Each structure stands twice: as structure tokens, then as C-alpha cells.
Amino acid sequence: MSRATPPLKTELAAWQVQWQQLDWPQLRRSLLNWYQHQGRSLPWRGETDPYKIWISEIMLQQTQVKTVIPYYQRWLEQFPTVQSLAQADQQTVLKAWEGLGYYARGRNLHKAAQQICQQHQGEFPRQLEQVLALPGIGRTTAGGILSAAFNQPLAILDGNVKRVLARLTALPVPPKQVIKMLWAVSEALLDPQQPHDFNQAIMDLGATVCLPKQPTCLLCPWQQACYAYADHRQNQLPMRTPSAPLPVKKIGVAVIRNAAGQILIDRRLEEGLLGGLWEFPGGKIEPGETVEACIEREIREELDIAIAIDEHLITIDHAYTHFKVNLQVYLCTYGSGEPKPLESQEIRWVDLDQIDEFPFPKANQQIIQALRDRAAANR
DNA sequence: TAGTCGTGGGC
DNA sequence: TGCCCAAGACT
């Protein structure tokens, strides 16, 4: 067997030799100079309160700056201190997080605030180990917070840094395969004298110049040093492994109304997808099963009640990270039996007017809107 | 280690 | 339209 390309280990060894020859001091100088003139102005930039920096770092996980800004500002008005967050109830916290996604971030933020109050007298910890012990904070977020709040010399490795480093060093494999080695690069590159500005600068570079698609290399302070640019491979890096098409789950959903005109909603289990949020009950349509049969079965299994299915309300297609759903939503009428939360934390009958008090996932908001539209049309 | 975990922007 | 991707953490 002959190989078209060198073995992976040989290739990575050559890569390591190559990136270690980069001129670190020069890279630091040029980046910091660029940052001084071209850095972004952001609400949390220049902030020294570790609580506020922490909130911004959590919100920014896998979420774009533009999306975060309004949430960040509302959050600090509602929960201005660690104490105020710790004392809030989880539903209030999730309502404030509603729409941001990855809801474990909101739940962990709440838990961590309580931990900080109990274990650190309400003061955000400054020791790396203690910060890493807080739920929802990994190595990148810890480095981001401690470098931004206290100028501690800790490297980061977020999506921006991975992309920038993959291009700067012409990484011959997808970043995911060599995370440990990329941490070493990030640590070697970090400016130990100005870790705060350096980390902010490299993220700004990734977010505004070294873009995922069509990077503007002509504006890049690292153009002269960049191995990807030298090889005209900036549009091919970082490498990525092709992903399989997302599976589609078909779901039957019931909007169950009682004689008082109230609607039955349930609160999802604490762990897992959309944990702690409210929803309209329903479940997966089994092969060969009709939507109506599915809904009747799911409602019996989840709530132990009998219902009548009235009419189709709306169909919703929604994409999550690892699958897609097709929601077939039907208006239903409560029949008999006392509803029990057999597969949820809690259930409740609510008026349409009260439903805004509860945090719902995005796909369910479309159902609520359809109910509002229908109520308005019948008026 | 590879899956799980949301939503919106941008093309 | 459908797909990639975003200041990742957790199991």
C-alpha cells in the first residue's frame, strides 16, 4: 500500500517544527497595535466587574456578539449582582435566557451564582481551579474571564482562536483532532505582559478579519507571517470533516383545552434537551402510526388522560444542532382523567393571556403565536 | 472520545 | 432553500 500523503504523525511533527519557528514577539506587537486601532467596541469591554464579564462570557459561548448584546443588557438590569442572580428562582432565570438556546448555560449560571455566594462570600473567585469548579465554565471561559477581569496570563481556545491559529500555522488536520496541541500554540503565543488585551485582540481578529469565509487578509496584521496566506490556502483552512445530513423526527403535539378555555402545558425534565422549559405535550410519531393515534397515545402515556382531537393548528419545521423536527400540532379537547406529570417535572392549566410568564423553546413560540392569531380571528 | 445541547446570521 | 457557523461545556 502506497500513501498519497505522508502519515499523520509525520505531518504533525513537521507542523510543530514549523509553528515553533514563528516570531512570537513580532506577532504580539503587530496584533496589539492592530487591536489598538481596529478593536471592537463592546458593552463588556473595559468592564472590570468579574460578574459582568462572566455573564458575557457564558452568553457568548457558541453565540454571536450581535445576538448576545440585548440579552446581556437586559440581564444586568434584572440581575445586577451575583446575589440577585443566586436569589432568583430558576424559572425567572430561564425566562431571561429564553431564546438564547443551550439552556444548560442559564441553569448553570444560576447554580454557579449560588455556589459563589455559599463558597466565596459572593465574590467571584480569582483562582483558576476555583473558577473551573463552577458549573458551565471550562478552560476557555475561565481563561477569558480571568484574563479580562484580572489580567491573568491565561490562554484561550475558542472558535476564533482555533481558526486563526489553524491558518497562521497551516494546520494539516481539523482542529478538533489536535485540541491539546492547539492549546500549546495558544499558550506560546499569548503575550504574558498583556494577556487581557492579547486575548481580546485575537478574538477580534477572528471575528472581523480572519472570518470563516472570505477572510480579509489584506487587512490582517499577521498577513506576512501567515502560512495559509503564503500558500493561498486561507479559504481551505481550517480543515473540517464532512457531516452527515441531519435526521428528521416527526412529532405529534397537542394543544389541550379544558371547558374553562385553559391550555395544558408541561415543564420538561431538568436534564437534557430544553431542560426546565415549558412545552405543549406530545411525542414522536412511530413508523406506521397516524398523527392522531400518536397524539392520543403520547398524551395517555405522559399525562394519563383521554382527549379528543379536533383540528390541525399548524405545522412547524425546526432545526436543532443534531436533528430536525417536524411538529404536527393539533387542537384537542380534554376528556377524562386527572393529568399527572409522568414524564415531566410539572404540569399546569394556563390561560393564553398568562402564557408569556413561562419560558418556552423557539419552536413552541410559533404555536403560541398561532393560538393568538386564531383567538384574534375568532373575535 | 464522540455525542449532546439552541438559535439566528449569512450566504 | 439548506447549510455552515458562532467567545464551548459536559458526559
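Worth saying up front: this structure is predicted, and the values here are computed from it rather than measured. Order of the sequence lines fixes the chain letters, A, B, ..., with proteins taken first and strands second; residue numbering starts at 1 for each chain.
Within 4.0 Å of A:L42, counting heavy atoms only, lies at least one base atom of the nucleic acid. Among the atoms of the strands shown, only primed sugar atoms or phosphate atoms (P, OP1, OP2) are found under 4.0 Å from some heavy atom of A:G159. Counting any heavy atom pair closer than 4.0 Å across all strands shown, A:G275 reaches no nucleic acid atom. Within the nucleic acid shown, A:S243 comes within 4.0 Å of sugar-phosphate atoms alone, with no base atom in reach, counting heavy atoms only.
Between A:E289 and A:R297, the closest side-chain pair of non-hydrogen atoms falls below 4.5 Å. Using a 4.5 Å heavy-atom threshold, the side chains of A:L31 and A:F198 count as touching.
Atom-to-atom, CG of A:L60 to P of B:dT7 comes out at 18 Å; the value is rounded to the nearest Å. If you measure from atom NZ of A:K324 to atom P of B:dG8, you get 16 Å, rounded to the nearest angstrom. The distance between atom CG of A:L211 and atom P of C:dC4, rounded to the nearest whole Å, is 18 Å. Rounded to whole Å, atom P of C:dG8 lies 19 Å from atom CG of A:L134.
One N or O donor and one acceptor, one from the side chain of A:T63 and one from the base of B:dG6, sit under 3.5 Å apart. Remark: the A:T321 side chain and the B:dG6 base include a donor-acceptor N/O pair separated by less than 3.5 Å.
Classification of the A:Y51-A:W54 ring pair by plane angle, with boundaries at 30° and 60°, yields perpendicular.
Of the two residues near DNA chain C, A:E271 and A:P212, the one whose nearest nucleotide lies more 5' is A:P212. Nearest-nucleotide mapping onto DNA chain B: of A:K176 and A:K66, the residue sitting toward the 5' end is A:K176. The residue among A:R40 and A:L246 whose nearest nucleotide of DNA chain C lies closer to the 5′ end is A:L246. Closest-nucleotide positions on DNA chain B for A:K213 and A:P361 were compared, and the one nearer the 5' end corresponds to A:P361.
Few gaps surround NZ on A:K340; more than 12 heavy atoms of other groups in view lie less than 6.0 Å from it. A 6.0 Å sphere centred on NZ of A:K250 holds no more than 12 heavy atoms belonging to other residues, nucleotides or ligands.
Proximity of A:H318 to the phosphate of B:dT7: a side-chain N or O atom is located under 4.0 Å from OP1 or OP2.
Distances were taken from every side-chain heavy atom of A:L273 (C-beta onward) to each of B:dC5, C:dA9, C:dC5; the shortest belongs to B:dC5.
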